[in-house]
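Reading through the structure tokens given below for one structure.
Whatever order the structure lists ligands and atoms in, that order sets their numbers, starting from 1.
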Amino acid sequence: MPPVELPIKVASPQKTTPIMKYAILGDIHANLEALRAVLEDAATQDVGRYLCVGDIVGYNADPNECVKIVRDLDCVTVRGNHDHYVSENDALGDLNPVAANVVRWTRAELGPDHLSYLSGLRLVQAVDGFTLVHSTLDMPEKWGYVFEVVEADASFNYQTTAVCFHGHTHVPVLYEKASGVRRSGYKCLKATMGKKYFINVGSVGQPRDGDPRAAYVVYDGEGRDVELRRVRYDVTTAQEKILAAGLPKALAARLAVGK
Ligand code: ZN
């Protein structure tokens, strides 16, 4: 497949980029309790800017509140597949039935201004020398999943920055490219010059790695230090809201186990 022109805004190399700590959130999925807990934690981490790798909505019961918070934070955000389906009226054929059900519910819930905000999100964003994408850089509009080295390697071919943060699988793992590509879990990482990193920040609102705590990343641009943080939140309230909204019971159950 020939290379495609990606909608990436890359900062000019002459420009001095601000160096600060970033909180990088992903797959919030309308879980207000998890988002609030993560933001409380981030407030203790000397964070100067908030970023989001997409999927603000879907699965949980507070889409309007979560979109409002992300917008109020002036969060640089890329489009996730749920943000896309909710705001674009596309056919939902490639979503599983539970996800499609929630997309329809969320479309009806969201105010027109929030829908138009989601519809305007870009697929890829460059921020202060690193990159954000929801799925992959090789075909961001296809919403492919990166579970293995081979998929990460395809994305690395289009990665022009040393570090790229992504989401979509809800599993925090990192891929490191030197002579080959290596996959590993992580807690803390110092990105080394000369290598590339494709880092999944985990999910705020629906973790799937067996740990039900909300996940997000704090990135220190100066030392290129990446820290995965896990935060307990009020799972019971999030579950009660899912059931009260008439959303599938399985979505409430999975929050308790992080699967
Ligand atoms: Zn997601």
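Under a cut-off of 6.0 angstrom, the local environment of NZ in Lys241 is crowded, with over 12 non-hydrogen atoms contributed by other residues, nucleotides or ligands.
In summary, His29 places an N/O/S atom under 2.8 Å from the Zn ion (ligand 1), meeting the contact criterion. Distances from the Zn ion (ligand 1) show that His170 has an N/O/S atom below 2.8 Å.
Residues His166 and His134 place their aromatic rings such that the two centres sit no closer than 6.0 Å. Checked against the 6.0 Å centroid criterion, the rings of Phe165 and Tyr219 qualify as a close aromatic pair. Aromatic rings of Tyr22 and Phe130 (six-membered ring for Trp) have centroids within the 6.0 Å cut-off, being under it.
The minimum distance between the Zn ion (ligand 1) and any N, O or S atom of Asp27 involves atom OD1. For Asp55, the N/O/S atom at the shortest distance from the Zn ion (ligand 1) is named OD2.
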